[in-house]
Each structure stands twice: as C-alpha cells, then as structure tokens.
Amino acid sequence: MKYVTAVFAVLGLVLPALAQDVADQVAPEGAGAGLIAGSEQVQAAQAAKQAGIPTQAQDWMIAAANPHAVEAGAKILRAGGTAADAMVAVQTVLGLVEPQSSGLGGGAFLIWYDGATGEMTTLDGRETAPLAATPRLFQDDTGEPLGFYDAVVGGRSVGTPGTPALMQQAHQRWGRTEWATLFADAIQLAETGFHVSPRMAKLVAGDAERLGRQQAARAYFLPAGAPITEGSLLKNPAYGETLRLLAKEGAQAFYTGDLANRIVQTVQGNVDNPGVLAEVDLAIYQVKTRAAVCITYRIHEVCGMGPPSSGALTVGQILGLLEPFDLAALGPDNANAWRLIGDASRLSFADRARYMADADFVPVPTKGLLDKTYLKTRSQLLQSDMSLPEVRPGEPEFDHALNWADDASIELPSTSHISIVDSYGNALSMTTTIENAFGSRLMVGGFLLNNELTDFSFRSHRDGVPIANRVEPGKRPRSSMAPTIVLKDGKPVLVVGSPGGSRIIGYVAKTIIAHLDWGMDVQEAISSPHLINRFGTYDVEQGSGAEDLSAPLAKMGFEVNTRALTSGLHAISVGEHLLGGADPRREGIALGQ
Ligand code: GLY
C-alpha cells in the first residue's frame with residue numbers, strides 16, 4: 001500500500017497511519033516543507049510528495065504550485081465543478097500567492113480533453129505584441145540587442161495579457177459553476193491576507209532592486225523599504241478590488257474601461273523604459289482555439305500546444321527521435337540512455353531555433369517537423385556510442401520556400417503549471433506565466449504585468465536572413481510551455497506540464513519517458529533526476545544522484561555542467577485510480593478525492 005488516499009481528509013476523517021508516518025519522516029528543510037500550515041490534508045500531501053509517494057483518488061485530482069491555490073480548486077471540484085471551473089479558482093489564487101510566476105497580467109496555454117466527446121482542444125491565451133511594436137523593439141539605435149534586464153524591466157516588454165480572457169473562455173465552454181463563485185477564495189485571501197511562502201520571500205529578496213523601481217511594486221513587495229519576509233501576513237486589497245470587478249463584470253472589464261486605461265498608463269508612463277501597449281491592443285485581444293499537436297510515441301499519443309509554443313513540437317521531436325531505441329531496456333541509470341536523450345534534445349532544439357514561431361505570422365513546418373520519415377532519418381544520427389560532434393537544424397518537409405536564420409532568444413526559468421482531472425472525465429493541462437520572475441516588475445490593480453515580449457528574438461535578422469521569432473505587431477512570442485495530455489486508446493493516461501523557461505521541454509520529455517518507458521509512477525517520474533540538454537551544456541541536476549552520470553557523459557563528448565534544475569512539474573496519471581504528483585523542488589501539492 002504505497003499511496004496516500006485522499007478521501008480521508010475530504011471526509012473530515014483522521015489521517016491514516018501511513019500518511020502520518022510519512023509526515024513524521026520528512027525533513028523540515030525540504031523545498032516545500034514548513035510552507036503554509038494548511039489543513040491536515042495539505043500537510044499529508046506535502047509529506048507524501050517529499051517522500052516520493054503519489055496522492056491517490058477516484059473522482060478528481062488537482063496538482064498545482066501552491067497549497068492555497070490547490071485547496072481553492074479542490075473546493076470547486078468537490079462541489080461538482082469542472083476542471084475549467086477549478087482552473088479559474090486556482091489561477092486567481094496563484095496570482096496572489098505566487099505572483100512571481102503567473103497572474104492576470106500574463107498569458108497561458110491550455111489543453112483540454114473532453115470526457116463526454118473525447119475531443120481535444122487547445123486554447124492559446126498567449127500575450128501579444130502591441131500594434132505599435134516593431135522588429136527593432138529590443139534593439140538600440142545601432143541595431144544591437146539590448147541587455148536582457150534593460151529590455152525586461154519597465155513597459156517595453158509588456159504584451160497584451162491573455163489570462164483573463166482565457167479563464168473566461170474556458171469557463172464559458174466547459175464550466176458548470178457560477179463565474180463569480182470561482183473568485184471567492186482569491187478575494188478572501190487577498191483581503192484578509194495570506195502568509196508569504198518561503199519561495200516567494202526568497203525571490204522577492206533576490207529581486208529587491210528591480211522590484212523597487214516602480215512605486216506600486218515597491219509599496220507591495222518592499223513595505224517600509226525592506227523585502228517582505230517568509231511567514232508574514234500579506235494583504236492585497238487592490239487585487240481584491242480587481243477580482244471583485246472581474247467576478248461581477250467578466251473579463252471584458254479587464255480589456256476595456258478604467259482598468260485597461262490604468263494598464264496602458266502604467267506601461268506607457270514608465271519613465272525609464274516606456275512601452276507601446278495601447279488601449280486598442282487590449283480591446284482587440286482574442287483567445288485563439290487551435291488544434292492540438294500530437295505525435296504517436298510507441299503505443300501512446302502525446303498531445304500538446306502547437307505554435308506559437310514550441311512545446312509540443314520539441315517534446316514531440318525528442319520522443320519521435322528516441323522511438324527507434326529501447327529506452328526501457330536501457331533504464332534510467334544508463335549513460336547511453338541519457339546520451340540518446342541529450343542528443344535527441346540537441347537535434348530538436350536546433351530545429352526549434354530555426355523553424356518555430358507564431359504560425360499566424362510565419363509559415364511553420366508543423367507537419368514536417370513531426371513527420372515520422374523525417375524523424376527516423378534524423379534519428380540515424382544517434383546511432384553511435386559518442387555524442388554528436390556537430391548539430392545542425394534538419395530540413396523538414398516545408399510547403400513554403402522560405403529560409404529562416406537561427407534564433408538565440410534568452411529564456412530564464414519562470415512560470416507555473418496546473419493539472420486537473422475532474423469527476424466528469426475531463427482533463428486539463430495549463431501552463432501559465434508572466435515570463436521572468438515578477439515579469440516587467442510593473443504592478444497595477446494588485447497584479448504584475450508580464451515581460452512576455454522578451455520571448456521574441458531580440459535580433460530580427462542574422463546575416464541579412466530574417467529570424468522566424470522576430471517581433472512583429474500583433475504577433476505572439478514563441479513559447480516553450482508544454483502543457484501535455486498523453487492518450488492511450490483515445491483516453492487520457494497522463495496529464496503533465498512544468499515551468500522552467502526552455503528547460504520546460506526537457507522536464508516534460510523526461511517525465512513522459514520516466515512514466516511510459518521506465519514504469520515510474522507520476523511522483524517518481526517527477527522527482528527523478530533531471531538531465532537537460534538545450535543545445536548547449538548537458539545540465540545535470542545537483543544533489544540528485546545523477547552526478548554519477550556526469551563522467552560517462554563527459555567521456556562521450558558532452559560538456560557537462562552540474563547545477564540546480566528547479567522544475568515545477570505537476571502531473572496526474574489516469575488508470576484504475578487517479579494518481580497525482582507534485583514537484584518536490586517547489587511548493588505545490590496534489591489533492592484528490
Ligand atoms: N515565458 C515562458 C515561455 O513561454 O516559455
């Protein structure tokens with residue numbers, strides 16, 4: 001009996017002996033330990049996560065980055081709400097208690113499996129470049145790229161937020177709970193206060209100088225001139241007011257009227273680094289419904305978010321390149337398995353840099369990149385005992401005679417992921433972001449505005465050849481977010497995703513391989529060591545036990561780098577039971593019933 005049953009706490013029963021034992025064993029220094037006191041169920045879920053045990057349930061399951069947010073979503077699911085309803089409750093709370101990662105001022109991608117019809121839909125709520133943006137947005141007067149933080153901090157990097165519109169559209173399409181109800185927990189927490197988590201306190205302290213540049217952000221994160229501290233009670237009445245407005249009037253109150261005007265004034269009025277976002281950009285913002293991008297991987301179908309995200313294409317390419325190899329036989333401790341994964345990743349990232357961008361603006365060879373013949377040919381490059389000495393983009397079948405130059409966008413870890421399965425058989429995987437930690441560092445209405453436009457390439461051309469992911473008015477910056485649903489025989493078996501900038505792709509690919517090929521349960525698959533190659537160094541997770549692989553990988557020719565790899569994976573497997581897993585590297589949990 002390995003699993004923490006979730007039913008007990010939901011029913012108000014005493015913790016079972018197993019969960020209590022686990023709670024007693026867990027060291028207080030763990031990434032999520034000592035977080036927020038929370039209910040017994042939250043404490044048991046935290047302890048189980050640290051002990052590597054998934055949460056088990058029958059009816060529904062939710063996994064996300066903060067216990068307050070997970071509890072808000074669980075409350076909705078328990079009362080008969082759908083995964084879409086619960087997502088709105090989770091997102092509104094995350095924007096308060098994990099403001100560094102996502103919120104109303106950001107964007108998101110959502111993949112939905114409909115339990116009644118078996119249909120898969122994706123919603124693109126990505127931030128969008130203002131109509132006044134030009135390909136030179138992030139260049140100086142001589143055409144050279146700006147320094148990263150010179151571009152990020154201030155109004156210049158702010159794209160039109162998509163999260164409020166996405167929440168509303170998901171609710172309109174798949175919700176059952178009254179819209180205003182979904183805001184109740186977030187409003188209460190904003191108005192009565194929440195205890196600052198260790199991670200939030202640490203990140204605020206590390207970013208104090210940048211957070212101190214705008215008056216509203218300074219007053220909130222650095223009251224009395226010093227960073228807020230872990231465990232202190234923080235209230236956000238301005239956020240409460242914004243939520244009350246959206247609860248009453250819907251997402252349109254974000255995109256037109258007084259709030260839209262204040263967002264524009266904040267962006268354009270930023271003295272040091274003004275942006276070009278205008279009221280018209282907010283007024284015309286639209287969530288786009290797109291077909292899921294899927295690839296068959298052995299006996300499963302792996303589906304996710306296509307362009308403007310590179311997530312499904314790059315995860316799909318990695319899996320497609322690995323399909324000819326027996327990873328199950330090699331196992332997770334084998335250096336040759338990691339050589340294959342590392343080089344498959346390098347080949348995929350080479351294609352990503354060349355071909356992937358917003359397909360509404362530049363032709364992207366989506367079919368060609370996942371074509372099995374193309375991937376089979378390219379996977380022959382992996383038939384060696386050594387790492388590839390040189391990696392170049394391939395030549396996928398392309399129905400447009402266009403030539404792009406390689407992009408080298410700067411992408412740093414950030415973002416948040418929500419996985420939900422509801423009692424109607426629906427599954428939701430949503431990755432949500434304001435890009436860099438604390439986004440643009442501009443606050444309005446109690447939430448932070450994104451810096452998503454810095455996910456575009458700062459350079460528009462290389463040697464006179466245009467870069468696919470250059471800035472263009474109305475375009476959506478390329479993302480790495482990879483919300484994923486894995487199907488077997490047309491039914492979901494795994495719902496997964498992670499934050500982490502472009503490392504998201506490696507985190508998600510590894511978790512899928514660990515679950516499908518190496519037979520790990522979701523929690524083991526999440527917790528297992530990360531080895532990530534993004535077409536540069538082979539990053540091996542510090543303190544994970546995987547360091548033993550460093551020497552053999554270096555012998556194979558990789559440049560190995562040991563470092564912290566702070567993913568935030570949240571996953572649910574669907575089988576005889578629902579099993580939920582949360583990343584022990586972060587503060588989240590999985591709860592179910
Ligand atoms: N800004 C994170 C991503 O979209 O990949």
Side-chain angles (χ1 to χ4, degrees), residues 65 91 94-95 98-103 105-111 122-129 138 148-149 151-153 156-163 166 203 287-288 290 293 304-316 345 348-349 352-353 356-359 364 407-418 429-441 448-458 468-469 471 475-484 496-509 532 534-535 565-569 586:
Q91 177 64 80
L94 281 180
E98 199 201 31
Q100 65 272 15
S101 297
S102 75
F109 293 121
L110 182 157
I111 177 163
T122 74
L123 296 185
D124 167 359
R126 185 69 163 165
E127 298 92 330
T128 302
F138 296 122
F148 183 64
Y149 284 109
V152 166
V153 182
R156 187 187 295 258
S157 63
V158 180
T160 315
T163 300
L166 179 140
L203 289 170
V287 173
K288 298 190 182 185
R290 301 184 187 277
V293 168
M305 193 70 219
S309 185
S310 62
L313 285 174
T314 317
V315 170
S345 187
S348 306
F349 267 83
R352 174 182 177 275
M356 299 180 201
D358 184 349
V364 176
D407 172 15
S409 303
I410 305 160
E411 295 170 69
L412 298 177
S414 54
T415 312
S416 204
H417 183 79
I418 305 164
S429 183
M430 170 167 143
T431 313
T432 175
T433 187
I434 54 169
E435 215 304 285
N436 197 239
F438 304 103
S440 63
R441 279 76 171 174
L448 286 158
L449 294 171
N450 70 84
N451 68 294
E452 212 68 50
L453 300 184
T454 60
D455 270 0
F456 281 117
S457 172
F458 284 22
N469 186 35
V471 186
K475 190 177 176 182
R476 301 184 175 199
R478 184 188 64 205
S479 173
S480 303
M481 296 197 288
T484 303
V496 62
S498 179
S502 53
R503 291 195 181 89
I504 289 171
I505 288 159
Y507 296 147
V508 170
I532 303 288
R534 296 175 299 167
F535 201 12
L565 290 170
T566 314
S567 54
L569 285 149
R586 296 278 272 260

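In each ligand, atom 1 is the first atom listed, and ligand 1 is the first ligand listed. All heavy atoms count here, side chains included; hydrogens, waters and symmetry mates do not.
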_With respect to Arg478, determine whether any N or O atom, backbone or side chain, lies less than 3.5 Å from an N or O atom of ligand 1._
no

*Assess the side chains of Ser480 and Arg352: does a donor N or O sit below 3.5 Å from an acceptor N or O?*
yes

*Can you list the ligand 1 atoms lying under 4.0 Å from a non-hydrogen atom of Ser480?*
3 (C), 4 (O), 5 (O)

_Please tell me whether Thr433 and Thr415 have a donor and an acceptor in their side chains that are separated by less than 3.5 angstrom._
yes

_Between Thr163 and Gln91: side-chain donor-acceptor atoms closer than 3.5 Å_ = no

*Taking only residues two or more places apart in sequence, or in another chain, which ones meet Phe109 in a ring pair (Phe, Tyr, Trp, His ring centres under 6.0 Å)?*
none

*Pull out every atom of ligand 1 sitting under 4.0 Å from any heavy atom of Glu452, numbered as shown with elements.*
1 (N), 2 (C), 4 (O)

*Using a strict cut-off of less than 4.0 Å between a Lys/Arg side-chain nitrogen and an Asp/Glu carboxylate oxygen, indicate whether Arg126 and Asp455 qualify as a salt bridge.*
yes

*asked:* If you measure every N or O of Thr415 against every N or O of ligand 1, does any of those distances drop under 3.5 Å?
replied: no

*Tell me, please, which residues at least two apart from Leu448 pass side-chain contact (heavy atoms from CB on, under 4.5 Å).*
Pro99, Phe221, Ile434, Phe438, Met443

*ligand 1 contact by Arg126, heavy-atom criterion under 4.0 angstrom*: yes

_I need the atoms of ligand 1 closer than 4.0 Å to a non-hydrogen atom of Met481, numbered in the order shown._
3 (C), 4 (O), 5 (O)

*What part of Arg476, side chain, backbone, both or neither, has a heavy atom within less than 4.0 angstrom of ligand 1?*
neither

